[in-house]
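Below: the structure, in structure tokens.
All values below come from the heavy atoms of this structure, side chains included, with hydrogens, waters and symmetry mates left out. Atoms within a ligand are numbered from 1 in the order they appear, just like the ligands themselves.
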Amino acid sequence: TRTSRPQRLLQAVCINAVRGNPDSVIAAIDHFCQNQEWAMNVGDEKGAILDSVVMETSPSTVLELGTYCGYSAVRIMRLLPPATRFITLEMNPDYAAVARQVIQHAGLQDKVCLVEGKSADLIPKMADMFGIRTFDFVFFDHWKDCYLPDIRLLEDCGLLDQGSVVLADNVLCPGAPEYLDYVRSSLRFSSRFYRSHLEYTRVLDGLERSEYLGHRDAQRD
Ligand SMILES: Cc1ncnc2c1ncn2[C@@H]1O[C@H](/C=C/CNC(=O)c2cc(-c3ccc(F)cc3)cc(O)c2O)[C@@H](O)[C@H]1O
Ligand SMILES: [Mg+2]
């Protein structure tokens, strides 16, 4: 096929969403994925949980791993006050290009900082590149086998502070078992699971919210 699924998703946004209206962009993507083609956006059911965790955290600095088409970036940014720093990392240039246009259609292009590259390469550069000391809120929605190495990397780079919240998508489907074992057994995190469903389906899935408790030692046995 000539166009990719992200390009067809972007087309649906351009046709059906009102420029400058983030909620209409979210609705257009959800409609496209429910009625035309499934795509791996966090979706409306898990998206509502994402919204509530963002709002209760009221973060000053936000990091997202795995922009894809920009759906969760729009969901998060539409809730943030003007001064909030929002950084999203995407390794695939084609997806990044679609995401920039989706975010622009929502009118949020001045708020987004979309960096192209791999999380493991970029996380150690966050302080130097953006003068960010710590992130108050981090959303994991990239390759599931990167969740564990990347939360360890965030800790090692000192990018998590006491009270920082890491919210991870898909901990049941496709699943991130090693990540779950780690955050649930570590004395440095307090974790809780939000039961939900895989986007646009009835398949069980959920989000894990892990709050950083500070630099402690030891593991829970
Ligand atoms: C280390 C690194 N650095 C930077 N960008 C990175 C990166 N690793 C990946 N990315 C980027 O992030 C997105 C990838 C997201 C991966 N998400 C999923 O695999 C996923 C899959 C499903 C799913 C569930 C049931 C099924 F039957 C099929 C699929 C649902 C989901 O919600 C998912 O998130 C994609 O845009 C990729 O380029
Ligand atoms: Mg996901």
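Between Arg133 atom CZ and Asp161 atom CG the span is 6.5 Å, to the nearest 0.5 Å. The distance from the CG atom of Leu213 to the CZ atom of Arg188 is 10.0 Å, given to the nearest 0.5 Å. Residue Leu89 holds its CG atom at 5.5 Å from CG of Leu122, rounded to the nearest 0.5 Å.
Taking both residues in full, the closest heavy atoms of Pro22 and Gly20 are given as CD-O, 3.4 Å, listed atom of the first, atom of the second, then distance.
If you check each of Glu199, Glu64, Met91, Lys144 against atom 2 (C) of ligand 1, the one with the closest non-hydrogen atom is Met91. With Trp143, Tyr147, Tyr200 as candidates, the residue nearest to atom 9 (C) of ligand 1 on a non-hydrogen basis is Trp143. Within the set His142, Met40, Glu90, the minimum heavy-atom distance to atom 37 (C) of ligand 1 is found for Glu90.
Of all protein heavy atoms, the one closest to atom 33 (C) of ligand 1 is Asn170 OD1, 3.2 Å. Looking from atom 15 (C) of ligand 1 to the surrounding protein, the closest heavy atom is Asp141 O, 3.3 Å. Of the protein's heavy atoms, Trp38 CH2, 3.6 Å lies nearest to atom 29 (C) of ligand 1. Of the protein's non-hydrogen atoms, Gly66 CA, 3.3 Å is the one closest to atom 12 (O) of ligand 1. At the top of the distance list for atom 1 (C) of ligand 1, counting protein heavy atoms only, stands Ser119 OG, 3.2 Å.
Put simply, atom 27 (F) of ligand 1 has no protein non-hydrogen atoms near it, under 4.0 Å away.
Within the listing of ligand 1, atoms 21 (C), 22 (C), 23 (C), 24 (C), 30 (C) sit less than 4.0 angstrom from a heavy atom of Pro174. If you number the atoms of ligand 1 from 1 as listed, the ones under 4.0 Å from a heavy atom of Leu198 come out as 24 (C), 25 (C), 30 (C). Atoms of ligand 1 lying under 4.0 Å from any heavy atom of Lys118, numbered from 1 in the order shown and given with element: 3 (N). Close contacts of ligand 1 with Asp169, meaning ligand atoms under 4.0 Å from a residue heavy atom, involve 32 (O). For ligand 1, the atoms closer than 4.0 angstrom to any heavy atom of Tyr68 are 36 (O).
A distance-only check finds a donor-acceptor pair linking the side chain of Trp38 to the backbone of Glu199 [under 3.5 Å]. The backbone N or O of Thr134 lies less than 3.5 Å from a partner atom in the side chain of Thr61, making a donor-acceptor pair. Panel note: side chain His105, backbone Ala17; a donor-acceptor pair is recorded below 3.5 Å.
Applying the salt bridge (Lys or Arg N to Asp or Glu O under 4.0 Å) test to every pair with at least one member in residues 100-120, sequence neighbours left out, gives these pairs: Arg100-Glu116.
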Fill in: Pair Ser164-Glu211, side-chain hydrogen bond (donor to acceptor under 3.5 Å, both in side chains): steps then yes or no
CA-CA 6 Å; Ser164 292; Glu211 184 166 335; over 6 Å; no

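Contact between Gly117 and ligand 1 is present, with at least one heavy atom of the residue lying under 4.0 Å from the ligand.
For the pair Val171/Phe193, a side-chain contact is recorded, criterion being any heavy-atom separation below 4.5 Å from C-beta on. Side-chain contact between Phe137 and Val53 is present, with heavy atoms from C-beta onward closer than 4.5 Å.
Contacts of Asn41 with ligand 1, taken as heavy-atom pairs under 4.0 Å, are absent altogether.
For the Mg ion (ligand 2), protein N/O/S neighbours under 2.8 Å (waters excluded) are Asp141 OD1, Asp169 OD2, Asn170 OD1.
The environment of His31 atom NE2 is sparse: at most 12 non-hydrogen atoms of other residues, nucleotides or ligands sit within 6.0 angstrom.
For Asp30, the side-chain hydrogen bond (donor to acceptor under 3.5 Å, both in side chains) criterion is met by Tyr71, Tyr200, not counting sequence neighbours. Legend: residues meeting side-chain hydrogen bond (donor to acceptor under 3.5 Å, both in side chains) with Tyr68, ordered by chain and number and at least two apart, are absent.
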